J.: 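Quick one: the structure is below, and I'll ask about it shortly.
Worth knowing before you read on, the calculation uses all heavy atoms, side chains too, and leaves out hydrogens, waters and symmetry mates. Predicted, not measured: the structure shown is a model, and the values here were computed from it. For the single chain, residues carry numbers from 1 onward in sequence order.
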Amino acid sequence: MTDEEEDHEEELLEAELEQSPEQAADWLRNLADELEDGEELTVSTDDDSVTVALPEDNLEFEVELEREPEDDDHDEIELEIELEWLVPSSDADEE
C-alpha cells in the first residue's frame, strides 16, 4: 500500500444546518440514542443519510468550546463534538 492510499480520506457526509436550539437538541438526542442502542449509527440531514458501524469497544470523545469575536457587539461561540473509532477497512472486504 502506498503512502497516498494510506492518507486517502473519504468524506461521507458534511452539512451545515440552521436550526433552533430545540431542533438541534432533538437531532443530537436521536444521535445519542443510536450510539447507546445500536450496532450502527445513521447520520441524517434533510438531503442525505449515511450509516456506519459502531465500535465494539470504546471510542475517542473530544469536546472543544471556543469564543471568537464576531464584531463590536457579538462574539461567536463554537462547540465542536468529535467522536472517533475504528472499523474494519473496506479494503479488507476485497481480499
J.: Using only atom types and a distance under 3.5 Å, with no angle test, would you say the side chain of W85 pairs donor to acceptor with the backbone of E56?
T.: no
J.: Is it the case that more than 12 heavy atoms not belonging to D71 sit under 6.0 Å from its CG atom?
T.: yes
J.: Could you give me the CA-CA distance, side-chain angles and deciding distance for L41 and T51, then say whether side-chain contact (heavy atoms from CB on, under 4.5 Å) is met?
T.: CA-CA 5 Å; L41 175 70; T51 300; over 6 Å; no
J.: Could you tell me the separation between the CD atom of E84 and the CZ atom of F61, rounded to the nearest 0.5 Å?
T.: 12.0 Å
J.: Is a donor on one side and an acceptor on the other found under 3.5 Å between the side chain of E34 and the backbone of T42?
T.: yes
J.: Please indicate whether E39 has more than 12 foreign heavy atoms, meaning atoms of other residues, nucleotides or ligands, lying under 6.0 Å from its CD.
T.: no
J.: Do the side chains of L83 and L86 join up, straight or via other hydrophobic residues, at under 4.5 Å, putting them in one cluster?
T.: no
J.: Keeping E36 on the side-chain end and D33 on the backbone end, is there a donor-acceptor pair under 3.5 Å?
T.: no
J.: What I'd like to find out is whether the side chain of V63 reaches to under 4.5 Å of the side chain of L79, using heavy atoms alone.
T.: yes
J.: Do E62 and E64 have side chains that approach each other closer than 4.5 Å (heavy atoms only, starting at C-beta)?
T.: yes
J.: Please assess T45 against W27 for the test side-chain contact (heavy atoms from CB on, under 4.5 Å), listing each intermediate value before the final yes or no.
T.: CA-CA 9 Å; T45 66; W27 189 91; 5.5 Å; no
J.: In the structure I gave you, are the side-chain heavy atoms of I77 and R67 within less than 4.5 Å of one another anywhere?
T.: yes
J.: Under 4.5 Å between any side-chain heavy atoms of L54 and L35, yes or no?
T.: yes
J.: Can you tell me how far the CG atom of L31 sits from the OG atom of S44, to the nearest 0.5 Å?
T.: 9.5 Å
